[in-house]
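To start, the structure itself, in structure tokens.
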Amino acid sequence: MKLKDTIHYNWYKHLFVVFLLLVCVLGSAALTEADFSEVFENADQIGIFMGRLAHPDFSYIPDILDPMVKTLKMSVVGTVIGVLFAVPFAFLATTTVTRNPVVTGIIRFFLDIIRTIPNLLLAALLVAVIGIGEATGVLTIAVFTFGMVSQLIYESIETIDYGPIEAAESVGANKVQIAVWAVAPQILAQIASYTFYAFEVNVRASTVLGYVGAGGIGVVLNSSLALLKYERVSIIILTILVVVAIVDTLSEMIRRRLA
Amino acid sequence: MISFEHVSKTYPNGVKGLKDINLTIGDGEFVSIIGLSGAGKSTLLRAVNRLIDITEGEITVNGVSVTKAGKKQLREIRRHIGMISQNFNLVKRSTVQKNVLSGRLGYYSTIKSILGLFSKEDYERTREALESVGLLDRLHTRSDELSGGQQQRVSIARTLVQQADVILADEPVASLDPITSRKILSDLQKINREMGKTILVNIHSVEMAKAFSTRIIAMKSGEVVFDGTPEELDGEALTRIYGRNILEEKEEEADET
Ligand SMILES: Nc1ncnc2c1ncn2[C@@H]1O[C@H](COP(=O)(O)OP(=O)(O)O)[C@@H](O)[C@H]1O
Ligand SMILES: [Mg+2]
């Protein structure tokens, strides 16, 4: 058997890709003057840090419950607001109902821009504008959810069955009626599923929002780290892990039911 | 009454869907439109409620121009024209009741229909319509749990609550077996005879067209090549439409077996 008869017939291409990757890694390391030896020189630091992390301060739990609940609340409210705004924009972002490619183009451009803003940067910006606190966190999550979910929804809208639209059109329904009666029932389950998915992502993301002052558990995490209270950091991380795991499991269960 | 005056349709890609069609369809007629695939049957039907915009000529329904109607007028005209299609066009995830009730959308304001504020009479109309197609017991069934024939009857019920005077049916039985097809067509015939509704149906089967309609129109390459009663549609006419006498061929096949 010859090499060209196997799945490796493209071997020179693969080799080239590997070569390219190596060049990229080494090149960027050189450019940024990264020194990998530093990682090993500070190994004892890591040891100390890990040692203290291994002793979570369980007595601190009562103090972190409240910010944890706040983080969850922020996620719920932010997710709901984000989805509520995402639905009408998703309709405008397809020509399915509007039949207006100009509107679709403008809305998609706008949504693309929203999506390119990193979460933390958005939070930092909003902290600068609105100030420190949960409201900022909620708004950050809402905007982030809006960007993510509107795209998921408009992609769903594009895959629906067009028959009911024609039927609604032929009985004299207007565009809003078509959206609500012919399209919405076809994507409702998916919207619900995306909402839970967004909630999952948001709970995870919102734990660090406090870092830039947007409220919740992140604030406590930040201050504990700054005060070098690694035993507290440890219990905070543990709590976040447990909560995220619970939220993920529940949400996945619900989404499977919805499918 | 539906009238076509010098109606032509040229699709954006240059294909001529309709070529200078002149037709008058009276109230209470049951018209079957036959012809090969691509002959222009769907184009003709969908021009009536302006799901397709024609490029020349004028179509009027009960004296009102569909071609020149503005947005609001078009909605008003469409209320009176029911449409059923090969794919039933039901919202599969919605119940039978919701699908039938949606036939009333043209009569409601946006806000009322969003909130689902339908009148008692309309719920009653829904029941009556479903009763007349024999599906009253399926009121709260999800539409995708019904058989093809039942789904088509739901879509007929939708045109009934719509109180349309005209029903357009684009190959309503193309995806159904022969026995179910006959049941659907006799439902349409009953509606035509008992309620006096005008019916325009695109259909592949010449036999069924002959059996159920009062008038047959045949199309070929966007033109009307036959217009007459079922009796007038003889072997010679069929040869003109299809290039051969398809009914005779069927009989011969039947003789052989
Ligand atoms: N949206 C369209 N764009 C371009 N050509 C079309 C379109 N719809 C139909 N046609 C063409 O117009 C002709 C008539 O089509 P149609 O009315 O669907 O025929 P039928 O229903 O008799 O099978 C065909 O040649 C078809 O290819
Ligand atoms: Mg057709």
Side-chain angles (χ1 to χ4, degrees), chain A residues 83-92 94-103 152-153 155-196 254-259, chain B residues 42 45-46 48-52 69 71-95 98-116 118 142-144 151 154-155 158-159 161-164 166-168 170:
Chain A
V83 171
L84 283 182
F85 278 92
V87 172
F89 275 84
F91 273 97
L92 293 176
T94 66
T95 50
T96 306
V97 178
T98 63
R99 306 269 166 85
N100 189 335
V102 178
V103 171
L152 290 170
I153 298 178
E155 280 169 0
S156 296
I157 294 178
E158 282 175 343
T159 63
I160 60 157
D161 171 13
Y162 282 68
I165 295 184
E166 185 178 296
E169 208 178 349
S170 74
V171 303
N174 64 27
K175 297 212 186 286
V176 179
Q177 289 174 323
I178 290 174
V180 173
W181 276 78
V183 182
Q186 297 192 53
I187 54 168
L188 222 52
Q190 285 170 67
I191 293 180
S193 173
Y194 297 150
T195 305
F196 282 101
I254 296 171
R255 285 198 284 136
R256 220 171 301 132
R257 284 261 177 108
L258 286 169
Chain B
S42 298
L45 215 63
R46 296 156 67 85
V48 175
N49 61 356
R50 222 169 94 186
L51 285 179
I52 288 178
K71 235 181 177 176
K72 228 179 154 185
Q73 241 177 332
L74 185 62
R75 266 193 88 183
E76 162 81 32
I77 295 170
R78 281 176 172 169
R79 278 186 201 170
H80 301 290
I81 306 174
M83 179 136 193
I84 56 187
S85 88
Q86 175 179 352
N87 311 314
F88 323 132
N89 289 353
L90 303 179
V91 180
K92 298 195 177 61
R93 302 185 72 110
S94 296
T95 62
K98 262 193 156 175
N99 271 294
V100 176
L101 208 48
S102 74
R104 297 299 296 173
L105 281 179
Y107 294 90
Y108 282 85
S109 68
T110 306
I111 190 76
K112 271 197 173 174
S113 62
I114 287 180
L115 298 175
F118 291 94
R142 238 174 81 152
S143 308
D144 54 5
Q151 288 189 37
V154 172
S155 88
R158 182 170 55 195
T159 66
V161 300
Q162 197 184 335
Q163 296 190 304
V166 177
I167 295 177
L168 310 171
D170 194 1

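Lettering of chains follows the sequences in order, A, B, ..., and the numbering in each one begins at 1.
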Heavy-atom pair with the smallest gap, counting every atom of Pro185(A) and Val91(B): CB-CG1, 3.6 Å

Can you list the donor-acceptor atom pairs spanning chain A and chain B that come in under 3.5 angstrom?
from	atom 1	to	atom 2	distance (Å)
Asp161(A)	OD2	Lys92(B)	NZ	3.1
Gly163(A)	O	Asn89(B)	ND2	3.3
Glu166(A)	OE1	Arg46(B)	NH1	3.0
Glu166(A)	OE1	Arg46(B)	NH2	3.2
Glu166(A)	OE2	Arg46(B)	NH1	3.0
Gly172(A)	O	Arg75(B)	NE	2.5
Gly172(A)	O	Arg75(B)	NH2	3.3
Asn174(A)	ND2	Thr110(B)	OG1	2.8
Gln177(A)	OE1	Arg75(B)	NH2	3.1
Gln177(A)	NE2	Leu105(B)	O	3.2
Gln177(A)	NE2	Tyr108(B)	O	3.0
Gln177(A)	NE2	Ser113(B)	OG	3.1
Trp181(A)	NE1	Ser113(B)	O	2.9

Phe118(B) atom CZ, over 12 foreign heavy atoms within 6.0 Å: yes

Side chain to side chain contact (heavy atoms under 4.5 Å, CB included) partners of Val87(A), counting only residues at least two apart: Val83(A), Phe91(A), Ile153(A), Ile191(A)

Structural part of Leu51(B) lying under 4.5 Å from a heavy atom of chain A: side chain

